[in-house]
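Encoded as structure tokens, the structure appears first; notes follow it.
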Amino acid sequence: MNDSNDLLSALRAAVGAQQVLTHEDPATDLAAYEQDWRRRHRGRALAVVRPGNTAEVAAVVQACAAAGVAIVPQGGNTGLVVGSVPDASGQQVLLSLQRMNRVRALDAANLTLTVDAGCILQAAQQAAEAAGLLLPLSLAAEGSCTIGGNLASNAGGTQVLRYGNAREQCLGLEVVTPQGEVWDGLIGLRKDNTGYDLRDLYIGSEGTLGIITGATLKLQPQPAAKLTAWAALPSIEAAVELLGLAQRQLGAGLTGFEAMSRFSLSLVDKHYPQLRVPLWQDHPWCVLLENSDSESEAHARERFEALLEAALEQGCVSDAIVAESLGQAHNLWHIRESISLAQSEEGLNIKHDISLPVSAIARFCAETDAQLAAEIPGVRLVNFGHLGDGNLHYNVQAPEGGDPAAFLREQESRINHIVFDSVRRHGGSISAEHGIGSLKAETLPQYKHPVALALMRRIKAALDPQGLMNPGRVLIQEPR
Ligand SMILES: Cc1cc2nc3c(=O)[nH]c(=O)nc-3n(C[C@H](O)[C@H](O)[C@H](O)COP(=O)(O)OP(=O)(O)OC[C@H]3O[C@@H](n4cnc5c(N)ncnc54)[C@H](O)[C@@H]3O)c2cc1C
């Protein structure tokens, strides 16, 4: 018996033999667990372990800690920064939360929902909706991603403008520590000043400090009506102006503000012509706006029309439509959500999920677009994102007709430097909502304040002294 076999026996004892998947079994295909969403990395796990409850997670973590074996937690495996798949060593245990997918409780009077960490986001949204309430966390991966993954990566999405990101929507957590203890912090309190905020520490820690096994989430009343509008604009400056106007006129009713450049929409038009993208050809930018109203649809429409009239008069909007039906609104959102897929259809590309002060966005785009065009002739920018949160997906596509793989190999590092240096000059962040994972772990030290980085390392060392929780993610090994 070698050490791996001892560990596998302990894992089988913890969760049952059927829930420990290994390469030894030729009938088992582990590709779905070992390949990341963007196909940037394919790892190899010692085993994929699928616990069914918190006690089993604790037993798995204890067994791995005793054996000194690293754990990679995985929810829906939809993360975009290579954080949820094992490395290539064949020595890491992949802990899948997939089977822990229960809705545990809904407290309508307290406006809270408590779920297992492996609960799919869409299932949590539906549980809230069934009680006439709203869980306002919404992203294109919601049919596959899990609440644990959303919290571990502090996901954003399309309603951050009004409701905040995953962090703002979480009141309590249940966590298994790197030593295998269970912290039951599933409280539904809006106020709890009893010391350090451990919940906030675990949110956004990308599995490097422990395993989230459950969460208590904040719910909201459902709005009486939700309307969507699509506006065509002359420039990104105009988009920033429209955002200010919409915030003043709609106040808390403004629940979505997504900007899309003409080239990003041209890719949707090219690869998914059936979606019939409106108004994109003659205008450099389009914006999708959502207005959630607590009174009625008529009231929402009246306010939306007043906003768009003012914007047309002011010149920051050139043309606009307000969706006439839920189906039309759904189609408009579908166009926005199809940009990433259309971009993948066009070929490999370099993604930057960045944030900036809203006031710096137009200057950032002008300067960075110009620098990239000058240094890499023919480069194509797929620029779109959650403008209302200052979050751009500032992605770079190879020149038309070029070899995307060669472009990535030769230009990725240079392009990243140009973009991230510009982000820093404009007071922004190199990761707005996708996290660091292993994709940006090498880059982080160049852009994070050194004192912040040192504090992060000390926290990691204090909570996970063996360094077994998702190693190589967020923080790279310190040079000795
Ligand atoms: C089509 C598409 C659209 C997207 N849109 C958005 C968007 O609009 N906004 C946005 O913010 N993100 C977006 N994302 C990325 C986003 O981060 C993920 O979709 C989601 O939040 C990750 O959830 P997951 O369950 O798939 O986590 P995974 O991918 O499985 O894991 C993500 C990270 O969290 C860790 N982790 C997972 N579960 C746990 C747990 N229970 N305990 C501790 N650590 C854990 C993993 O180790 C990994 O580091 C999108 C992704 C796709 C594919």
Side-chain angles (χ1 to χ4, degrees), residues 32-33 35-39 43 51 54 57 61 70-86 92-101 115-124 137-160 164-167 169 173-178 201-215 256 258 333-334 336-344 351 353 355 384-386 389 391-393 431-441 464 469-474:
Y33 298 99
Q35 174 82 65
D36 81 299
W37 180 276
R38 288 178 58 199
R39 302 192 166 273
T54 303
V57 174
V61 174
I71 297 178
V72 179
Q74 186 181 92
N77 197 17
T78 67
L80 300 175
V81 289
V82 192
S84 51
V85 288
Q92 299 185 325
V93 165
L94 189 135
L95 192 155
S96 166
L97 279 295
Q98 246 172 17
R99 288 178 61 232
M100 290 182 59
N101 57 7
V115 296
D116 279 353
C119 184
I120 300 288
L121 172 57
Q122 199 168 56
L137 182 64
S138 175
L139 38 138
E142 63 199 21
S144 314
C145 64
T146 62
I147 296 296
N150 299 148
L151 291 167
S153 58
N154 188 25
T158 54
Q159 295 178 317
V160 173
N165 44 25
R167 183 185 303 283
Q169 301 189 43
L173 286 181
E174 180 185 82
V175 170
V176 172
T177 70
L201 190 57
Y202 277 101
I203 296 173
S205 65
E206 300 186 41
T208 60
L209 300 178
I211 317 268
I212 298 171
T213 50
E258 300 287 311
W333 277 103
H334 192 42
R336 159 65 184 86
E337 283 162 4
S338 301
I339 297 176
S340 293
L341 292 173
Q343 201 189 348
S344 303
K351 293 200 192 309
D353 161 46
S355 64
F384 65 100
H386 316 295
D389 317 321
N391 179 187
L392 294 180
H393 299 309
S431 177
E433 58 176 10
H434 294 163
I436 298 298
S438 53
L439 205 62
K440 291 188 190 158
D464 180 23
M469 298 305 310
N470 219 359
R473 274 66 203 260
V474 184

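When a ligand or atom number is given, it counts from 1 through the structure's own listing order.
With no hydrogens or angles considered, a side-chain donor-acceptor pair links Asn77 and Ser84 at under 3.5 Å. With hydrogens and angles left out, the side-chain atoms of Gln159 and Ser138 include no donor and acceptor closer than 3.5 Å. In this model, no donor atom of one side chain and acceptor atom of the other lie less than 3.5 Å apart for Glu258 and Thr158.
Counting heavy atoms only, Glu433 comes closest to atom 9 (N) of ligand 1 of the residues Glu433, Gln74, Glu174, Gln159. Of the candidates Gly207, Gly148, Gly75, it is Gly207 that places a heavy atom closest to atom 44 (N) of ligand 1. Nearest residue to atom 25 (O) of ligand 1 from Thr146, Leu80, Ile120 is Thr146 (criterion: closest heavy atom). Of all the listed residues (Thr78, Leu121, Leu97, Asp36), Thr78 holds the heavy atom that lies closest to atom 18 (C) of ligand 1.
Taking the side chain as every heavy atom from C-beta outward, Leu121 and Leu139 approach each other to under 4.5 Å. Side chains of Ser205 and Val474 form no contact here, defined as non-hydrogen atoms less than 4.5 Å apart. Within the 4.5 Å cutoff, no side-chain heavy atoms of Asn154 are placed close to those of Glu433.
Short contacts between ligand 1 and Ser153, defined as distances under 4.0 Å to a heavy atom of the residue, involve ligand atoms 17 (O), 21 (O). In summary, the atoms of ligand 1 found under 4.0 Å from a heavy atom of Asn150, numbered by their order in the structure, are 20 (C), 21 (O), 23 (O). The ligand atoms of ligand 1 that sit less than 4.0 angstrom from a heavy atom of Trp37 are 53 (C). The ligand atoms of ligand 1 that sit less than 4.0 angstrom from a heavy atom of Ala155 are 11 (O), 21 (O).
Looking at Asn470 against ligand 1, only its side chain comes within 4.0 Å, counting heavy atoms.
Put simply, the side chain of Gln169 gets close to the backbone of Gly164: a donor and an acceptor are under 3.5 Å apart.
If you check which protein heavy atom lies closest to atom 32 (C) of ligand 1, you get Ser84 CB, 4.3 Å. Annotation: atom 41 (N) of ligand 1 to nearest protein heavy atom, Ile212 O, 2.9 Å. Protein heavy atom nearest atom 11 (O) of ligand 1, with residue, atom name and distance: Gly156 N, 2.7 Å. Ranking the protein heavy atoms by distance from atom 23 (O) of ligand 1 puts Cys145 CB, 3.4 Å first. Ranking the protein heavy atoms by distance from atom 52 (C) of ligand 1 puts Ala141 CB, 3.6 Å first. Looking only at protein heavy atoms, the nearest one to atom 46 (C) of ligand 1 is Pro73 O, 3.2 Å. Nearest protein neighbour of atom 45 (C) of ligand 1, counting heavy atoms only, is Ala152 CB, 3.4 Å. Protein heavy atom at the shortest distance from atom 24 (P) of ligand 1 is Gly76 N, 3.4 Å.
Put simply, atom 7 (C) of ligand 1 has protein non-hydrogen atoms near it, under 4.0 Å away.
Heavy-atom distances between Gly157 and ligand 1 reach below 4.0 Å in at least one pair. Under the 4.0 angstrom criterion for non-hydrogen atoms, His386 is in contact with ligand 1. Residue Ser340 places every heavy atom at 4.0 Å or more from ligand 1. For His434, the heavy-atom gap to ligand 1 drops under 4.0 angstrom. Using a 4.0 angstrom heavy-atom cutoff, Gly210 counts as in contact with ligand 1.
Gly79 and Trp37 get closest at one heavy-atom pair: O-CB, 3.7 Å. Here the shortest heavy-atom pairing between Ile211 and Met469 reads CD1-CE, 3.6 Å. Residue Gly75 comes nearest to Thr146 through the heavy atom pair CA-OG1, 3.5 Å, listed as atom of the first residue, atom of the second, then distance. The shortest heavy-atom contact between Ile203 and Arg167 is O-NH2, 3.3 Å. Nearest heavy atom pair, residue Ala152 against residue Gly207, reads CB-N, 4.3 Å. Between Gly83 and Val72, the shortest heavy-atom distance links the atoms O-CG1, 4.0 Å.
Considering backbone and side-chain N/O atoms, Asn154 never comes within less than 3.5 Å of an N/O atom of ligand 1. Between Gly83 and ligand 1, at least one pair of N/O atoms sits closer than 3.5 Å.
Considering CZ of Arg336 and NE2 of His386, their distance stands at 5.0 Å, rounded to 0.5 Å. The distance from the CG atom of Leu173 to the OH atom of Tyr202 is 9.5 Å, given to the nearest 0.5 Å.
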